[in-house]
Amino acid sequence: SEGDDVLARWSDGLLYLGNVKRVDGVKQCCLVRFEDNSEFWVLRKDIHSAAGVEEVCCICDAPPLKEPLINCLKCRHYHPECHTPTIEPEADSDSWICRQCVFAVATKRGGALKRGRFARLMQFMKLRLPYQLSSLDWDPQHLTNQQQCYCYCAGPGWNLKMLQCGSCGQWFHEACTQCLTKPLLYGDFYQFQCSVCTKGPETIQRLPMTVDLAHLVLYHLSLCCKRKYFDFDHEILSFTNENWDSLLLGLSDTPRQDRCHNLLNALNSHKDFVSGKEIKKKKCLFGLQVRYLVEWENVSLY
Ligand SMILES: [Zn+2]
Ligand SMILES: [Zn+2]
Ligand SMILES: [Zn+2]
Ligand SMILES: [Zn+2]
């Protein structure tokens, strides 16, 4: 209700501290003022109150009935069956930590914790989603859904720093994944599988293919520099060499001298790219024909 201090999940998957200014019961959302004084409407499902005192389950609002409530060490009370995953009978109320609190600690910009107790708890929680994936209503491109429900955290999207699972099609926040060794670049191409689909740790492979590498580099440069054309030696090749490991996650060991040849070849021969000579500029300039995000399904395998 109004005046409450809350944690609100943002589209990057992270929780931010705020204060409720207004409540819209019809649209099920609240106007939240954040610490930087910005104000945004946030859906109720993405708002978590800091603490609860009443003896009710924070999922279903009911008091303990047949089974006792389990207390999260850090926040509120749950029926074992209301939590995802179901709380084990041997869980004890002095040390058990709920999904929300595990995620609040483990999610990090650039990728979630990989080591320690919270990383292990998070990995376990991620084997099941706290919602029905099949009940979401998607747009035709399968980018956004009406429920604004994504990822393991059920938080909102959508931003460029999300990964799509190649098996189930759901999108996941970079901050909630534990498989990245380097943060994503804008427009990164990859093959990712979520923990629900692998029934274990996530898997990711970036694709060591030159056409797509060239596309990714130009896409990233054009978003960062807000220009269309880039010089091959000074910008494209130097950016590629500097970021070689993060671009390919160490999957490709193409020798440095071959990278230049392969990249130039791709830029000169593939329809995705325009060279400066086509617009009566220097021939060492290259740009993207159309600036779009490479999708795994559309990746050209040559
Ligand atoms: Zn998330
Ligand atoms: Zn309950
Ligand atoms: Zn908790
Ligand atoms: Zn999946």
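Both counts, for ligands and for their atoms, begin at 1 and track the order of listing.
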query = Backbone or side chain, does C82 get an N/O/S atom under 2.8 Å to the Zn ion (ligand 2)?
reply = yes
query = What class does the angle between the rings of F34 and F40 fall in, given that below 30° is parallel, 30 to 60° is tilted and above 60° is perpendicular?
reply = tilted
task = Nearest 10° is fine: what angle sits at the Zn ion (ligand 4) between SG from C168 and SG from C197?
result = 110°
request  = Check the side chains of Q193 and T198 for a donor-acceptor pair under 3.5 angstrom, ignoring hydrogens and angles.
outcome  = no
inquiry  = Using the Zn ion (ligand 2) as the vertex, how large is the angle between SG of C60 and ND1 of H79, rounded to 10 degrees?
reply    = 90°
inquiry  = With rounding to 10 degrees, what does the angle C75:SG / the Zn ion (ligand 3) / C72:SG come to?
reply    = 110°
request  = Please check if the distance between the ring centroids of F230 and F239 is under 6.0 Å.
outcome  = no
task = Specify whether Y152 and F103 have parallel, tilted or perpendicular ring planes, treating 30° as the upper limit for parallel and 60° as the lower limit for perpendicular.
result = tilted
